[in-house]
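Read the structure below first, then the notes.
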Amino acid sequence: MIPAAFEYFTPSTVDEAVALLRDQPDAKVLAGGQSLMPVLRLRLAAPETIVDIGRIGELQGVRDDGDALVIGAMTPHSTVQADPLVGEHARLVSLATATIADPQVRHRGTFGGSLAHADPAGDLPAVAVALDASFVIAGPDGRRTVAAADFFEGVFSTALAEDELLVEVRVPKYTGWGAHYEKFNRVAQQWSIVAVAAAVRLDGDSIAEARVGLTNMGSTPIRASAVEAALVGRPATPEAVREAAALAADGTSPVSDLNGDADYRRHLASVLTRRAVLSAAGTG
Amino acid sequence: MTRITVKVDGSSFTDEVEPRTLLVHYLREQLGKTGTVVGCDTSNCGSCTVHLDGRSVKSCSLFAVQADGHEVTTIEGLAANGQLHPMQQAFHENHALQCGYCTPGMIMQSLDLIADNPDPSEDDVRLGLEGNLCRCTGYQNIVKAVRAAAAAGGAQ
């Protein structure tokens, strides 16, 4: 299928892109296009204007900024996945990124595009929420920073206004933490039916700190705070982790669809949380 | 219309395209490179895989204008001097195709895979080809062919 016609712009700076988003009618940002292109081809969307941000150099790359890593919005998944800084300080990001779609899609799809798309079944939103990432957003009045917990507002819906652009994401360093992304799906390339992002810091044999994020357990990614609280101070044993993981679905309202009803997803959440935390702690 | 200049299989082309033209349609319909095929139209099947600046991409998920100033390699750019590329040869020798429709994409993705991992295990090959579907389900011989090409130094 062929997308409907549109006006096409290739800004070379963030300011130019923001001006286009403000001035052009019905403008849609094209990042890596791996979610947008299928939608355009099926004509589920037919924007009048496409603003292709693929030629804005400042949106590319990963850099060290003291106590955080800064990941440019247009950094492809394949780059993030292989980046040594990300591997050392935000291993959960590397691991979750490696599970996205397939190699071809990871060459084109981008870190920021995936977050801004805010698909409840997308893998990176739960990771961003679990790791307390913050989102740097450019708009006509300058830049602002939004915490991951406030960025995701609903299905495909974020704190980004129509004339705003996600520029980069700051991920605090979790150096030395164990991490695991446990994704459940049934066939190759499929979206997560449910997935769990976990990072833990061990002190001896016990869990000193824990971060747990849930994918596809509601319209937005969810921080499993009850699990985190129940893990702290406990030994990283299968029994203790199982007990804490039983709280994973507390307060969630997952959808029922062809892949699984809500009860099934709630069950998956606790099973996958147990596996994710044990693997993150190195005892899975 | 937008003017683009793209290097495809070693030759430079300058053309006027509509921004909505998919890269795969540009390759097939404007350049006549019908070796790259459209299988699914949903981004799933990987039949349309080509290399953009040396990395595999699905050419149905990219506009031709996004390739402006870049270099594309298709299945038609692999054979040289009348000789099949070692990966093509390995597919031939290992009967790694039945209907053959997925083959161009399988070969392009296999090359990307062994560029990263010159000695892939069977599992590595299966994972690396996750984005390519063979509806004849002829995966066994495809995996065999990729490993044979890798063993023969097929990344070149």
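Chain letters run A, B, ... following the sequence lines, proteins first and then strands; every chain starts at 1.
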For B:Glu76, I'd like to know if atom CD has over 12 heavy atoms of other residues, nucleotides or ligands within 6.0 Å.
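More than 12 heavy atoms, drawn from other residues, nucleotides or ligands, come within 6.0 Å of this atom.
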Does B:Glu16 CD have over 12 foreign heavy atoms under 6.0 Å away?
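Atom CD in B:Glu16 is packed in, count exceeds 12.
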Which residues share a ring pair (Phe, Tyr, Trp, His ring centres under 6.0 Å) with A:Phe135, sequence neighbours left out:
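A:Phe135 satisfies ring pair (Phe, Tyr, Trp, His ring centres under 6.0 Å) with A:Phe151, A:Phe152 only.
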Applying the side chain to side chain donor-acceptor pair (under 3.5 Å) criterion to B:Gln89, which one of B:Glu93, B:His85, B:His92 satisfies it?
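So the option named by the test is B:Glu93.
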Contact check, side chains of [X] and [Y], non-hydrogen atoms, under 4.5 Å:
X: B:Thr5; Y: B:Ser12; answer: yes
X: A:Asp83; Y: A:Ser94; answer: no
X: B:Cys102; Y: B:Asn132; answer: no

Set out, in order, the CA-CA distance, both residues' side-chain angles and the distance that settles side chain to side chain donor-acceptor pair (under 3.5 Å) for A:Thr10 and A:Asp52, then state yes or no.
CA-CA 5 Å; A:Thr10 50; A:Asp52 178 359; over 6 Å; no
Taking side chain as everything from C-beta outward and backbone as N, CA, C, O, which of these in B:Asp112 sits under 4.5 Å from a heavy atom of chain A? Side chain, backbone, both or neither.
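When you check distances to chain A, only side chain atoms of B:Asp112 fall under 4.5 Å.
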Residue, of [options], that accumulates the most heavy atom pairs under 4.5 Å with chain B:
options: A:Ala4, A:Ser78, A:Gly33; value: A:Ala4
options: A:Ala5, A:Gly54, A:Ala101; value: A:Ala5
options: A:Arg106, A:Gln34, A:Arg55; value: A:Arg55

I'd like to check the salt bridge (charged side-chain N to carboxylate O under 4.0 Å, His left out) partners of A:Asp119; sequence neighbours left out, ordered by chain and number.
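With sequence neighbours excluded, A:Asp119 shows a salt bridge (charged side-chain N to carboxylate O under 4.0 Å, His left out) to no residue whatsoever.
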Take A:His77 and A:Phe111 through the test ring pair (Phe, Tyr, Trp, His ring centres under 6.0 Å) and record every step on the way to the result.
CA-CA 6 Å; A:His77 296 310; A:Phe111 188 73; 7.5 Å; no
Going through the checks in order, is the side chain to side chain donor-acceptor pair (under 3.5 Å) test met by A:Asp15 and A:Thr13?
CA-CA 5 Å; A:Asp15 287 349; A:Thr13 66; 5.5 Å; no
Determine whether a donor-acceptor pair (N or O, by modelled atom type, separation under 3.5 Å) exists between the side chain of A:Thr99 and the backbone of A:Ala96.
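Confirmed, A:Thr99 side chain pairs with A:Ala96 backbone.
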Just checking heavy atoms, which of residues 49-63 of chain B are less than 4.5 Å from chain A?
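Counting heavy atoms that sit under 4.5 Å from chain A, the residues of residues 49-63 of chain B involved are B:Thr49, B:Leu52, B:Arg55, B:Ser56, B:Val57, B:Lys58, B:Cys60, B:Ser61, B:Leu62, B:Phe63.
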Write out, in numerical order, the residues from residues 20-38 of chain B with a heavy atom short of 4.5 Å from a heavy atom in chain A.
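Expected list: B:Arg20, B:Leu22, B:His25.
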Where on [X] is there a heavy atom nearer than 4.5 Å to chain B: the side chain, the backbone, both, or neither?
X: A:Leu30; result: side chain
X: A:Leu40; result: side chain
X: A:Ala82; result: neither

A:Asp102/B:Gln109 under side chain to side chain donor-acceptor pair (under 3.5 Å): CA gap, chis, key distance, verdict:
CA-CA 11 Å; A:Asp102 57 54; B:Gln109 180 53 29; over 6 Å; no
